[in-house]
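Here's a structure for you.
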Amino acid sequence: MNKILQKEFHVERDDYANAGMASSQIKSTLKQVGVDPKVMRRIAVAAYEAEINMIIHAWGGVVYLDVTEDGMIHLIFQDCGPGIPDLEKAMTPGWSTASKKARELGFGAGMGLPNIKRVSDEFTIESSPAGTSIFLTFRVEE
Amino acid sequence: MTIQQLIEQTGWKPVTKDADVTKEIKGAYCSDLLSWVMGKGQPDQAWITVQSHINVIAVAVLREFSCVILAEGAQFPENVISRAEDEDLVLIESDLPVFETARKLIELGV
């Protein structure tokens, strides 16, 4: 499928000060291609949660954004490890391994992955010690 | 109700200088857990919280909140105010606890 838009965004480990920056850039990029506002809001939730996970749990990573000719938005969040040992637990609402620092800032509610899955049209997650990848798909029109 | 009307009727302090106070407030959401706020907040709501750090701005902008009300007499740091002004997001400080802040909004018909 031909891509009509392709971008990537880098996310640094422990970079709390810039948390949300990649998600904001994704949002403004997608606004330019006329994504339905309701879809946009779902994408913003998913992007933010996945970006935060890269900052507070992983060693940073890259976000790939593609929009294809068939009106699909693809987001891939690929981090540099250390991986999620138990994906089933990680997907359980309220379960979290966030640090004390992250929790003090209001992160670590254990709602990140469940939120991402809930708002996405398609959700796939793969994890190994080399890193975690989350593949998300959204339809441009709701 | 607009943010301007809320400020006039409560006496709460808007700490952002140039952000747009003509925006409408349609309801409110109270929580300090950012994932709950991302997952459950709705556009144009006022977000009542005691979190005052920089990540509040990203959440509020992505969730398209009308404004953020910091309760309990807490204060936003300068760098947070400055980021909010860049994003045209109004930050307000309330001396009241979260519950009383929310009650005030309800009394005013928000």
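Naming convention: chains lettered A, B, ... in sequence-line order (proteins, then strands); numbering from 1 in each chain. On a predicted model such as this, the values are computed, not experimentally measured, just so you know.
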Q.
Is any side-chain heavy atom of A:N115 closer than 4.5 Å to one of B:W36?
A. no
B:N55 vs A:Y48 side-chain heavy atoms within contact, under 4.5 Å = yes
Bottom line for A:R118: the part with an atom under 4.5 Å from chain B's heavy atoms is side chain
Given A:G20, A:G110, A:G106, the one with more heavy-atom pairs under 4.5 angstrom with chain B than any other is A:G106
For this session: Would you mind telling me which of B:P43, B:G41, B:S52, B:A58 has the largest number of heavy-atom pairs within less than 4.5 Å of chain A?
Result: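 Going by pairs under 4.5 Å, I would pick B:P43.
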* So what's closer than 4.5 Å to chain A heavy atoms on B:D32: side chain, backbone, both or neither? ->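 For B:D32, the backbone is the part near chain A, not the side chain.
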Rounding to 0.5 Å, atoms CG (B:L33) and CZ (A:F107) come to a distance of 11.0 Å
Taking A:M40, A:E49, A:E104 one by one, which has the highest count of heavy-atom pairs under 4.5 Å against chain B?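 The option with the most such pairs is A:E49.
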Output for pair (A:L105 CG, B:Q51 CD), nearest 0.5 Å, gives 6.5 Å
Applying a strict 4.5 Å limit to non-hydrogen atoms, the region of B:I54 in contact with chain A is side chain
* Min side-chain heavy-atom separation A:M111-B:K40 under 4.5 Å ->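 Side chain of A:M111 against side chain of B:K40, heavy atoms only: no contact under 4.5 Å found.
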B:S35 OG to A:I116 CD1 distance, which is reported to the nearest 0.5 Å: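 Between atom OG of B:S35 and atom CD1 of A:I116 there are 8.5 Å.
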One should read off an interatomic distance between B:R83 CZ and A:N18 CG, to the nearest 0.5 angstrom, of 6.0 Å
Rounded to the nearest 0.5 Å, the CZ atom of A:R41 sits from the CZ atom of B:R63 at a distance of 7.5 Å
